[in-house]
Number of protein chains: 2
Amino acid sequence: MGIKERKLQEKSEMRELIQKTAMNLFLEKGFENITIRHIAEKIEYSPATIYLYFKNKDEILYILRREGFEDLYRRQKDSLKLKDPLKRLLKHGEAYVSFALENPQYYDLMFMMRSPSTRTKEMNDMDIGLQSYELLKNNIKECMEKGLFPGVNIDVAAFSLWSYVHGIASLIIRGRGIMFPEEGINDMIKGALNFLLEVIPDKLDSKKRSMNLSS
Amino acid sequence: MGIKERKLQEKSEMRELIQKTAMNLFLEKGFENITIRHIAEKIEYSPATIYLYFKNKDEILYILRREGFEDLYRRQKDSLKLKDPLKRLLKHGEAYVSFALENPQYYDLMFMMRSPSTRTKEMNDMDIGLQSYELLKNNIKECMEKGLFPGVNIDVAAFSLWSYVHGIASLIIRGRGIMFPEEGINDMIKGALNFLLEVIPDKLDSKKRSMNLSS
DNA sequence: TATAATAAATAAACAATGTTAAGTAAGTGA
DNA sequence: TCACTTACTTAACATTGTTTATTTATTATA
């Protein structure tokens, strides 16, 4: 039965088309300005058609969010290449922030937007976000094994560091970076990431201060 | 002409009634679930009446946001009572986070929500948010005068610390605190605020580690 | 006090939104 | 050819923010 398969293929192609079109429109005009009718118009189908492929608007958001989580995870895995745990941790943070700033709409969707009502979907989100979190925890653990963050609970450390990079990213995405006229945004970010580093006690070697943060 | 004044009084009373009712509904059901018609129904006027007192829905949000900024500033000024600059800075952060967590809807409105289209209003926001930011900068400056944060640009330091507390607050408000089963949220927050402290090099006295963070 | 002018409130409509139910057209299997 | 399933659309629904025209109440003037 090759027909059944072709039908399935077409079905998933259509889903992808809708998804991709939706994201392009979102990136272009921002989420709240895009309606089901806009998407429908763009792909030249009727609005109702979209509901044959997605339960509702939230499901489209959910799919895109998942995509974002996957992309973020991919980037963060790059940090694993570095052997020095502190450098790796820094790279991890850099990857996080640069993902956020290069894909502000995705980041918004993933971490800033109030999630829509549905609860079952939420849970899945958590699961996929969790692998990024585990990566972070592993990085931290290795730092601890080298004597960094003495006496700190690992979950506290993870949450703290996550808070830090999330704070940087989300403030800038919401335009709060304007508060600083003197410095460019990029310098501010580099400075902020370095700030924590500057402030970390000299438990390891002391090359830190000269470490370069360019992504 | 006592009548003119009474009219004005009535007008502003009505504005306040709408404002207060709106906020109560928001606190109760969340922003996105409250409509102009809901507010109108609650105060037993027609929806159109609200437009005699507010330009549009965004203006109501704007007023509430301003209220929030004022409240936050008030709380943060409390930190000025402390003489030790590091303790004061910590208190400042505590005030910020506890404001956020005790008034998550306000905090959302002020720092997390994507701002509505209007631009002129935005600017005013900035002005009022700016005084909180200046307070932070002053605290940091005094810390620096005592040798803390050596070699760090003051704006970078301010942005970094702000990012940190904002990250903590906004992650928790968006329910990302669930990631940690072992610890209670409150312990996590205290831990996070302490984290930075633990990590700050011993440039000042060394009472830090035993410092209590209870608000 | 009667009437004109002003202010306050409303009813009714508008266009846009997400979503659904009923209907149509096309493709698939016998 | 004829039933049946699939893909799609049309048209409607209720709800949203907002505006226009109209009515009701209040104040000022004669």
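We name chains A, B, ... by the order of the sequence lines, and we start the count at 1 in each one.
Taken residue by residue, residues 37-45 of chain B places heavy atoms nearer than 4.0 Å to DNA chain C at B:Arg37, B:Tyr45. Contacts between residues 20-36 of chain B and DNA chain C, defined by a heavy-atom separation under 4.0 Å, are absent.
Proximity of the aromatic rings of A:Phe111 and A:Phe69 is defined here by a centroid distance below 6.0 angstrom, and this criterion is met.
If you measure from atom CG of B:Leu52 to atom P of D:dT19, you get 11 Å, rounded to the nearest angstrom. Following rounding to the nearest Å, A:Met14 (CE) and D:dA7 (C1') show an atom-to-atom distance of 9 Å. Atom CD1 in A:Ile50 sits about 11 Å away from atom P in C:dT19, given to the nearest Å. Taking atom CG of residue A:Asp58 and atom P of nucleotide C:dG18, one finds them 10 Å apart after rounding to whole Å. Rounded to a whole Å, the CD1 atom of B:Ile60 is 11 Å from the C1' atom of D:dG17.
OP1 and OP2 of D:dT20 both lie 4.0 Å or more from every side-chain N or O belonging to B:Tyr51. One finds no side-chain N or O of B:Ser46 lying less than 4.0 angstrom from the OP1 or OP2 phosphate oxygen of C:dA11.
With distances taken from any side-chain atom of A:Lys11 to the nucleotides C:dA9, D:dA7, D:dT10, the minimum falls on D:dA7. You'll find that the side chain of A:Lys57 is closest to C:dT19, out of C:dT19, C:dT10, D:dG17. Side chain of B:Asn56, nearest nucleotide from D:dT19, D:dT18, C:dA9: D:dT18.
Side-chain N/O atoms of A:Gln19 and A:Tyr53 include no donor and acceptor closer than 3.5 Å.
B:Phe54 comes within 4.0 angstrom of no nucleic acid atom, judged by non-hydrogen atoms across all strands.
For the pair A:Thr49 and A:Met14, the minimum side-chain heavy-atom distance is below 4.5 Å. Considering only heavy atoms from C-beta on, A:Tyr51 comes within 4.5 Å of A:Ile36 through its side chain. Within the 4.5 Å cutoff, the side chain of B:Ile63 has heavy atoms near those of the B:Arg15 side chain.
For B:Arg75 and B:Tyr96, the positive end is not near the middle of the six-membered ring at less than 6.0 Å and at most 45° from its axis.
Taking the six-membered ring where tryptophan is involved, the planes of A:Tyr133 and A:Trp162 are tilted, since the angle between them lies from 30° to 60°.
Identified under the side-chain hydrogen bond (donor to acceptor under 3.5 Å, both in side chains) test for residues 27-40 of chain B, with sequence neighbours left out: A:Arg114-B:Glu32, B:Thr35-B:His38. Counting only residues at least two apart or on different chains, the side-chain hydrogen bond (donor to acceptor under 3.5 Å, both in side chains) pairs with a member in residues 163-173 of chain B are A:Ser160-B:Tyr164, A:His166-B:Ser170, A:Ser170-B:His166, B:Tyr107-B:His166.
Taking the screw axis at each terminus of the helix from C:dT1-D:dA30 to C:dA30-D:dT1 from five consecutive base pairs, the angle between the two is 30° to within rounding of 10 degrees.
Note that CG of B:Leu136 is 6.5 Å distant from CG of B:Leu89, once rounded to the nearest 0.5 Å.
Applying the salt bridge (Lys or Arg N to Asp or Glu O under 4.0 Å) test to A:Glu41 and every residue at least two apart in sequence or in another chain returns nothing.
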